[in-house]
S.K.: 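Dropping a structure here in structure tokens format, bear with me for questions.
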Amino acid sequence: MVSIAVDLNRCQGYAQCAFLAPEIFTMHGDEALLYDPDPDEAHREKLAQAAAACPVQAILVDAVDEPAEAVPGGR
Ligand code: SF4
């Protein structure tokens, strides 16, 4: 099991992740991102690609769930 977290404060709804790993990320509407926080290990590769492709680095793989209210270096 892989554990992922998406910083939804950063996420701008670019949908790169939904495009690269549709099993894990789905867009609802223009900006709402839904994702599976515990995707199957088999998806790890795709997940890494999705994380790398995210323009705002909002996807954290193997992250501990943490509220990301204050992101240092954020705008
Ligand atoms: S690629 Fe990044 S910014 Fe785009 S929807 Fe996914 S998490 Fe959000």
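We count ligands from 1, going down the list as the structure has it; atoms in each ligand are counted the same way.
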S.K.: Any idea which protein heavy atom is nearest atom 3 (S) of ligand 1, and the distance to it?
M.R.: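 It is Gln12 N, 3.4 Å.
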S.K.: Once you round to the nearest 0.5 Å, how far does SG of Cys54 lie from CD of Gln49?
M.R.: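 The distance works out to 14.0 Å.
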S.K.: Which ligand 1 atoms are under 4.0 Å away from a heavy-atom of Tyr14?
M.R.: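 Listed by number with element: 3 (S), 4 (Fe), 5 (S).
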S.K.: Mark up the atoms of ligand 1 that fall under 4.0 Å of a heavy atom belonging to Ala15, in ascending order.
M.R.: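 Close to Ala15: 4 (Fe), 5 (S).
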S.K.: Can you tell which part of Gln16 has a heavy atom less than 4.0 Å from ligand 1: side chain, backbone, both or neither?
M.R.: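 Contact part for Gln16 vs ligand 1: both backbone and side chain.
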S.K.: Under 4.0 Å from any heavy atom of Cys54, which atoms of ligand 1 are there?
M.R.: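 Under 4.0 Å from Cys54, ligand 1 has these atoms: 1 (S), 2 (Fe), 3 (S), 7 (S).
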S.K.: Can you tell me how far apart SG (Cys11) and CD (Gln16) are? Round to the nearest 0.5 Å.
M.R.: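 Separation between the atoms: 11.0 Å.
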S.K.: Are the charged groups of Asp62 and Arg44 less than 4.0 angstrom apart, N to O?
M.R.: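 Between Arg44 and Asp62 there is a salt bridge, with a charged N closer than 4.0 Å to a carboxylate O.
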S.K.: Please round to the nearest 0.5 Å and tell me the distance separating atom CD1 of Ile59 and atom OH of Tyr35.
M.R.: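 Separation between the atoms: 9.5 Å.
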S.K.: Using the rule side chain to side chain contact (heavy atoms under 4.5 Å, CB included), only one of Ile24, Leu20, Asp40, Asp36 pairs with Leu47; which is it?
M.R.: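 In the set Ile24, Leu20, Asp40, Asp36, the residue that makes a side chain to side chain contact (heavy atoms under 4.5 Å, CB included) with Leu47 is Ile24.
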S.K.: Within the stated cut-off of 2.8 Å, is an N/O/S atom of Cys11 closer than that to atom 6 (Fe) of ligand 1?
M.R.: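 So Cys11 does not count as coordinating atom 6 (Fe) of ligand 1.
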S.K.: How many angstroms lie between atom SG of Cys17 and atom CE of Met27, to the nearest 0.5 angstrom?
M.R.: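 If we round to the nearest 0.5 Å, Cys17:SG and Met27:CE are 6.5 Å apart.
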S.K.: Are the side chain of Arg10 and the backbone N or O of Ala58 linked by a donor-acceptor pair below 3.5 Å?
M.R.: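 No, because the side chain of Arg10 does not come within donor-acceptor range (under 3.5 Å) of the backbone of Ala58.
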S.K.: Under 4.0 Å from any heavy atom of Leu33, which atoms of ligand 1 are there?
M.R.: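 Those of ligand 1 that fall under 4.0 Å from Leu33 are 7 (S).
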S.K.: Is the distance from atom 2 (Fe) of ligand 1 to the nearest N/O/S atom of Cys17 under 2.8 Å?
M.R.: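 False for Cys17.
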S.K.: Suppose I only count heavy atoms of Val56 and a 4.0 Å limit; which atoms of ligand 1 are within that range?
M.R.: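 Numbered from 1, ligand 1 contributes 3 (S).
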